[in-house]
**Q** 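Structure incoming, see below.
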There are 2 protein chains.
Amino acid sequence: MDELDSAIVRLLQTDARQSNRELARQLGIAPSTCLERVRALTRRGVIRGYHADIDPVALNRGVQAMVSVQVRPLSREVINTFKTSAAEMPEVLSVFVLAGGDDFLLHVAVRDLDHLHAFLLDRLSKRKEIVGFRTSVVFQQVQKAAPSRLP
Amino acid sequence: MDELDSAIVRLLQTDARQSNRELARQLGIAPSTCLERVRALTRRGVIRGYHADIDPVALNRGVQAMVSVQVRPLSREVINTFKTSAAEMPEVLSVFVLAGGDDFLLHVAVRDLDHLHAFLLDRLSKRKEIVGFRTSVVFQQVQKAAPSRLP
DNA sequence: CATGGTGGCGAATTTTATGCCGTTCCAGTC
DNA sequence: GACTGGAACGGCATAAAATTCGCCACCATG
């Protein structure tokens with residue numbers, strides 16, 4: 001993971017679809033070298049994949065919310081069960097298992113507020129292990145295009 | 001945004017680097033048709049870009065936390081200022097502006113707990129508009145590879 | 001029944017990926 | 001100073017892919 005690797009990763013985070021030639025050109029190295037570097041990064045698991053970034057509205061997900069959830073009892077089994085169930089719900093983008101006051105944080109994205117309400121009442125509340133949850137609607141989200149490597 | 005567009009989007013979310021031919025093959029359409037569809041989706045802003053998914057540890061970001069923040073006064077100016085400042089901090093992956101008890105939620109990723117502590121005390125606490133914040137360390141994260149289009 | 005627009009198709013052309021290999025450069029070692 | 005291993009380079013050949021473009025089927029419309 002030298003300076004060149006970092007630069008490759010940075011460029012691929014910004015645009016994963018540029019050709020190997022273009023990548024090499026921007027880095028000032030030979031395409032063959034660049035290709036081998038990218039492969040090595042993939043082999044080592046540094047590059048885990050490539051994903052398209054899609055407009056949420058086109059996916060009927062114009063409304064986002066963060067839902068913090070408390071479950072009981074706090075056993076490994078209950079945690080795992082809830083984590084898996086939550087992750088399988090189509091409205092849920094990601095599940096965070098937390099240390100602290102809340103046990104989970106769910107990042108959800110739905111079509112509209114009606115859908116959010118329905119999700120909370122009809123799907124989430126149905127789960128017996130939940131002893132409380134709190135929902136915060138997301139007004140805006142600023143997302144970093146490419147998190148850089150920290151020093 | 002017909003059924004075919006949805007399928008294209010789904011496949012590109014899963015693997016943005018597969019060739020246009022492979023994409024077309026999986027969809028049962030001609031490569032030229034597929035290319036035109038992808039371009040149209042890009043023109044319409046449905047596809048916003050392509051990003052490499054990088055192992056956080058390789059970026060010195062093995063520890064994640066969610067930090068909920070309250071600021072005062074709740075003016076448009078203070079909100080915007082804090083939002084921008086937070087987004088510019090390298091430790092911050094994304095900033096959510098929330099409705100409800102908390103005003104912001106920061107998703108941060110740092111090298112280790114020492115770094116997290118330093119970030120909270122030396123960078124975040126320095127901001128005068130903050131009247132309180134609460135940090136939850138992330139034990140695990142389950143992230144959906146490809147959020148599907150909701151019905 | 002024309003007719004114009006849309007979307008799709010597939011052949012042709014250009015560009016890229018990929019593997020291979022001899023050469024060069026550099027750093028560390030003797 | 002000579003040697004050596006590793007990394008990068010650059011050229012080349014082949015395969016694969018991207019991109020272009022003319023043509024056709026379909027369909028709603030007048």
Side-chain angles (χ1 to χ4, degrees), chain A residues 1-62 111 145-151, chain B residues 1-62 111 145-151:
Chain A
M1 204 60 198
D2 58 8
E3 209 36 66
L4 188 52
D5 283 339
S6 290
I8 290 175
V9 160
R10 197 175 331 117
L11 288 173
L12 286 179
Q13 279 177 311
T14 304
D15 177 9
R17 268 220 132 176
Q18 57 195 314
S19 71
N20 182 59
R21 285 180 123 76
E22 173 60 16
L23 201 57
R25 196 192 58 73
Q26 289 185 56
L27 295 164
I29 61 176
S32 54
T33 306
C34 186
L35 188 61
E36 183 45 38
R37 286 276 192 160
V38 171
R39 283 184 178 160
L41 287 168
T42 305
R43 264 199 311 277
R44 279 191 283 150
V46 173
I47 297 175
R48 302 195 293 195
Y50 305 94
H51 305 290
D53 172 22
I54 306 298
D55 177 8
V57 175
L59 299 175
N60 284 336
R61 292 165 174 280
R111 184 178 37 243
S148 55
R149 186 157 68 113
L150 293 176
Chain B
M1 205 61 197
D2 58 8
E3 208 38 65
L4 188 52
D5 283 337
S6 290
I8 289 175
V9 160
R10 197 176 329 118
L11 289 172
L12 285 178
Q13 279 177 311
T14 304
D15 177 9
R17 266 222 138 175
Q18 59 193 309
S19 69
N20 182 60
R21 287 183 117 76
E22 174 60 15
L23 203 57
R25 196 193 58 73
Q26 290 184 56
L27 296 165
I29 60 177
S32 52
T33 305
C34 187
L35 187 63
E36 181 45 36
R37 285 275 191 161
V38 171
R39 283 181 177 164
L41 287 168
T42 304
R43 264 198 310 276
R44 279 191 282 151
V46 172
I47 297 175
R48 303 194 292 194
Y50 305 94
H51 306 290
D53 173 22
I54 305 299
D55 178 8
V57 175
L59 299 176
N60 284 336
R61 292 165 174 280
R111 184 176 40 243
S148 55
R149 186 158 66 114
L150 293 177

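This structure is a prediction, so every number in the text was calculated from the model and none was measured. Below, read A as the first sequence line, B as the second, and so on, with proteins coming before strands; counting in each chain starts at 1.
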**Q** CZ of A:Arg39 versus P of C:dA17: gap in Å, rounded?
**A**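 Interatomic distance, CZ of A:Arg39 to P of C:dA17: 11 Å.
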**Q** When you check the phosphate oxygens OP1 and OP2 of D:dA17, does a side-chain N or O of B:Ser19 lie under 4.0 Å from one of them?
**A**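 Result: yes.
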**Q** Should the side chain of B:Arg21 and the base of D:dA16 be counted as holding a donor-acceptor pair, with the cut-off at 3.5 Å?
**A**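 Answer no: no donor N or O sits under 3.5 Å from an acceptor.
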**Q** Are B:Glu36 and B:Arg43 ion-paired here, with the side-chain N under 4.0 Å from a carboxylate O?
**A**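 Counted as a salt bridge, because a side-chain N and a carboxylate O are separated by less than 4.0 Å.
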**Q** Checking side chain to side chain contact (heavy atoms under 4.5 Å, CB included) against B:Arg37, which of B:Leu23, B:Asn20, B:Leu4 comes through?
**A**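 The option that passes is B:Leu4.
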**Q** On DNA chain D, check which nucleotide each of B:Gln18 and A:Cys34 is closest to and give me the residue with the more 5' one.
**A**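 The answer here is A:Cys34.
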**Q** From CG of B:Leu23 over to P of C:dG8, roughly how many Å is that when rounded to an integer?
**A**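 Computing the B:Leu23:CG to C:dG8:P distance gives 14 Å.
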**Q** Quickly work out the B:Glu22 CD to D:dA17 P distance and round it to whole Å.
**A**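 Value for this atom pair: 8 Å.
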**Q** Could you tell me whether the side chain of B:Arg39 reaches within less than 4.5 Å of the side chain of B:Ile47, counting heavy atoms only?
**A**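 Not touching, per the 4.5 Å side-chain cut-off.
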**Q** Ignoring hydrogens, what is the shortest heavy-atom contact between B:Ala16 and A:Ala52? Give both atom names and the distance.
**A**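 In this case the closest contact between B:Ala16 and A:Ala52 is CB-N, 3.6 Å.
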**Q** Are B:Ser148 and A:Leu59 side-chain neighbours, meaning at least one heavy-atom pair lies under 4.5 Å?
**A**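 No, every pair of side-chain atoms sits at 4.5 Å or beyond.
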**Q** Roughly, in whole Å, what's the span from CG in A:Leu35 to P in D:dA16?
**A**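 My rounded result for the distance is 16 Å.
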**Q** Can you measure A:Ile29 atom CD1 to C:dT24 atom C1' for me and round it to whole angstrom units?
**A**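 To the nearest whole Å, that distance equals 17 Å.
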**Q** Which whole-number value in Å describes the distance from B:Arg17 CZ to D:dA16 C1'?
**A**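 These atoms are roughly 15 Å apart.
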**Q** Could you say whether B:Thr33 or A:Asn20 is positioned toward the 5' end of DNA chain C, judged by the nucleotide with the nearest heavy atom to each?
**A**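 By nearest-heavy-atom nucleotide position, the 5'-most residue is B:Thr33.
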**Q** Measure from CD on A:Glu36 to P on C:dA17 and round the result to the nearest Å.
**A**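 About 15 Å, once rounded to whole Å.
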**Q** Please report, rounded to the nearest Å, how far the P atom of C:dG10 is from the CZ atom of B:Arg25.
**A**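 So the two atoms are 16 Å apart, to the nearest Å.
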**Q** Less than 3.5 Å between a donor and an acceptor, one on the side chain of B:Ser32 and one on the base of C:dG10, is that the case here?
**A**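 Checked by distance alone, the answer is yes.
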**Q** OP1 or OP2 of D:dA8 less than 4.0 angstrom from a side-chain nitrogen or oxygen of A:Arg37, does that happen here?
**A**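 Checking D:dA8 against A:Arg37, a side-chain N or O does come within under 4.0 Å of OP1 or OP2.
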